[in-house]
A.B. asks: 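Just passing along the structure, written as C-alpha cells.
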Amino acid sequence: RVKYEEIAAFEAAARAKGLADYHVFDVDENLHPTTLAEREEYFPVLYDAREQSPAIGLALGRFDGRRVPMEMARDQGHPVATLPVRLIGPPSPELVYLMFWPVYDGIEVPDTVAERRSKFRGYAVGNFNLAALLNAALRHTPPIAATIRFAVTATHQDATAAAAIYTPQSGRVSTAADPPEPRKAPAFRVTRDFEVFGQHWNVTFDYPEEALAELRPDGAWGWLVAGLMLTASLVLYVVREQSRRKTVEALVEARTAELA
C-alpha cells in the first residue's frame, strides 16, 4: 500500500533491494503498460515467484475488475478472487483468476471494517491459470462422457458464456473467448453452482445420447454411478481449492509475522 507521494521513495527502495530498473506502472484497458495515472494510493507488485514476470511494478486496482475484489478482501478480512481475466503481457487466449489475500499490521485480522482499513498493509496475491487448475482437479478421474462448461460470474445468475470447456474428445479443459456450442442438443443436462472466494461458479454437464444408452441396461444403478462420478469430480475440485487456500494462509501468516 503506497501513497501517491511515496511512489518515488518506494521505487528507490525496491532498486536498493536488487530490483534493477524497478518502476511502478499502470496498464490500459487492453492490458498494455502505460504511465502511472494519479490516484490516492497504489498497490504495486513488489515480488513475484515467477521469473521475469511482466507484473513486477504493476499497480493493481486501476480498473473495477481487480479493484472491487481487492476492496472486498480488505474490508471482509478474507481472500476474494477476481473473475477470469486475461494475462498481462503478450496476447494469449489463456485466462487466469487472481486471489487477493489481505495483510494487516499484526497477526490477527482486525475486528471492524474501520480497523481493517486503518491497519491494512497490502495483499498476498495468487495467480491461477483457469484451465490448468481445472485439468488438475479432473486428473485421475474416470473417463467423463459429458461436455462440461465452467462459467464464473460475480453474482448468482445464469451464465451466457462459459469461461472454460471440457470435451470428451480432447479429455481436457481449455479456455476460449467463445467456446463452441455442441452440434446437437444434449440428451441430458445437469447443472451445479456454488460460491468460491466471492465468485459464483456455474458448471453445466451435457450428456450425449450415446452416454445415456450405455447407462440404460443397468437402470437405476447406472444413474447412481453417474451421479457419484459427478459428485466425486466436484468434491475433488473443492478439496484441491482448500489445499491451495491452506498453502496461501501459511504464506500470509509467515509474511505477516515478518512485518510485525
A.B. asks: State, to 0.1 Å, how close V113 and D75 come at their nearest heavy-atom pair, and which atoms those are.
C.D. replies: CG2-O, 3.7 Å

A.B. asks: Does the distance from a Lys or Arg side-chain N to an Asp or Glu carboxylate O, for R116 and D105, drop under 4.0 Å?
C.D. replies: no

A.B. asks: Answer yes or no: is there a side-chain heavy-atom contact under 4.5 Å between L36 and F25?
C.D. replies: no

A.B. asks: Group every Ile, Leu, Val, Met, Phe, Trp and Tyr by side-chain heavy-atom contacts under 4.5 Å, then state whether V109 and V80 land in the same group.
C.D. replies: no

A.B. asks: Is there a side-chain contact between L83 and Y97 (heavy atoms, below 4.5 Å)?
C.D. replies: no

A.B. asks: Can D206 and T147 be counted as having a side-chain donor-acceptor contact under 3.5 angstrom?
C.D. replies: no

A.B. asks: Give a yes or no on whether L95 and V196 share a hydrophobic cluster (residues Ile, Leu, Val, Met, Phe, Trp, Tyr; joining criterion: side-chain heavy atoms under 4.5 Å apart).
C.D. replies: yes

A.B. asks: Please check if the distance between the ring centroids of F120 and Y123 is under 6.0 Å.
C.D. replies: yes

A.B. asks: Using atom types as modelled and distance alone, determine if a side-chain donor or acceptor of D28 lies under 3.5 Å from a backbone N or O of H32.
C.D. replies: yes

A.B. asks: Give a yes or no on whether V152 and M72 share a hydrophobic cluster (residues Ile, Leu, Val, Met, Phe, Trp, Tyr; joining criterion: side-chain heavy atoms under 4.5 Å apart).
C.D. replies: no

A.B. asks: To the closest 0.5 Å, what do you measure between OG (S53) and CG (L58)?
C.D. replies: 9.0 Å

A.B. asks: Is the count of non-hydrogen atoms from other residues, nucleotides or ligands lying under 6.0 Å from R39 atom CZ greater than 12?
C.D. replies: yes

A.B. asks: Checking side chain to side chain contact (heavy atoms under 4.5 Å, CB included) for the pair T35/D26: CA distance, chi angles, key distance, verdict?
C.D. replies: CA-CA 6 Å; T35 55; D26 271 328; over 6 Å; no

A.B. asks: For a quick test of reading the model, state the closest non-hydrogen atom pair linking D21 to R15 and the distance between them.
C.D. replies: C-NE, 4.2 Å

A.B. asks: For the hydrophobic clusters of this structure (ILVMFWY residues joined by side-chain heavy atoms under 4.5 Å, transitively), does one cluster hold both V45 and L19?
C.D. replies: yes

A.B. asks: May I ask you to decide if the ring planes of F150 and W201 are parallel, tilted or perpendicular, using 30° and 60° as cut-offs?
C.D. replies: perpendicular

A.B. asks: Over all heavy atoms of both residues, which pair between V2 and F10 is shortest? Give the atoms and the distance, please.
C.D. replies: CG2-CD1, 3.6 Å

A.B. asks: Show the numbers, then the answer: is there a side chain to side chain contact (heavy atoms under 4.5 Å, CB included) between R66 and V85?
C.D. replies: CA-CA 9 Å; R66 290 171 173 78; V85 295; 3.5 Å; yes

A.B. asks: Taking side chain as C-beta onward, heavy atoms only, is K17 less than 4.5 Å from Y47?
C.D. replies: yes

A.B. asks: Verify, without hydrogens or angle tests, whether N135 (side chain) and V173 (backbone) share a donor-acceptor contact under 3.5 angstrom.
C.D. replies: yes

A.B. asks: Just do the side chain to side chain contact (heavy atoms under 4.5 Å, CB included) check on N202 and T204 with the steps written out, would you?
C.D. replies: CA-CA 7 Å; N202 180 285; T204 302; 3.2 Å; yes

A.B. asks: Rounded to the nearest 0.5 Å, how far does CD1 of I148 lie from CZ of F205?
C.D. replies: 4.5 Å

A.B. asks: Decide if atom OH of Y4 counts as having more than 12 heavy atoms of other residues, nucleotides or ligands within a radius under 6.0 Å.
C.D. replies: no

A.B. asks: Indicate yes or no for a side-chain donor-acceptor contact from Q199 to the backbone of A81 under 3.5 Å, with no hydrogens or angles considered.
C.D. replies: yes

A.B. asks: Show the nearest heavy-atom pair for residues L60 and M70, with the distance to one decimal.
C.D. replies: O-CE, 3.7 Å

A.B. asks: Could you state the interatomic distance from CD (E41) to CD1 (I7), rounded to the nearest 0.5 Å?
C.D. replies: 10.5 Å

A.B. asks: Could you report the tightest heavy-atom contact between Y42 and A37, atom names first, then the distance?
C.D. replies: OH-O, 2.7 Å

A.B. asks: Where is the tightest heavy-atom contact between A164 and L134, given as atom of each residue plus distance?
C.D. replies: CB-CD1, 4.0 Å

A.B. asks: With heavy-atom distances below 4.5 Å as the criterion, would you say the side chains of M99 and V125 are in contact?
C.D. replies: no

A.B. asks: CD/E29 to CZ/R62 distance, rounded to the nearest 0.5 angstrom?
C.D. replies: 8.0 Å

A.B. asks: I need the H200 NE2 to E195 CD distance, nearest 0.5 Å.
C.D. replies: 6.0 Å

A.B. asks: Look up atom OH in Y207 and atom CZ in R189, then write down how far apart they are to the nearest 0.5 Å.
C.D. replies: 12.5 Å

A.B. asks: Would you find a donor on one side and an acceptor on the other, under 3.5 Å apart, between the side chain of E115 and the backbone of T112?
C.D. replies: yes

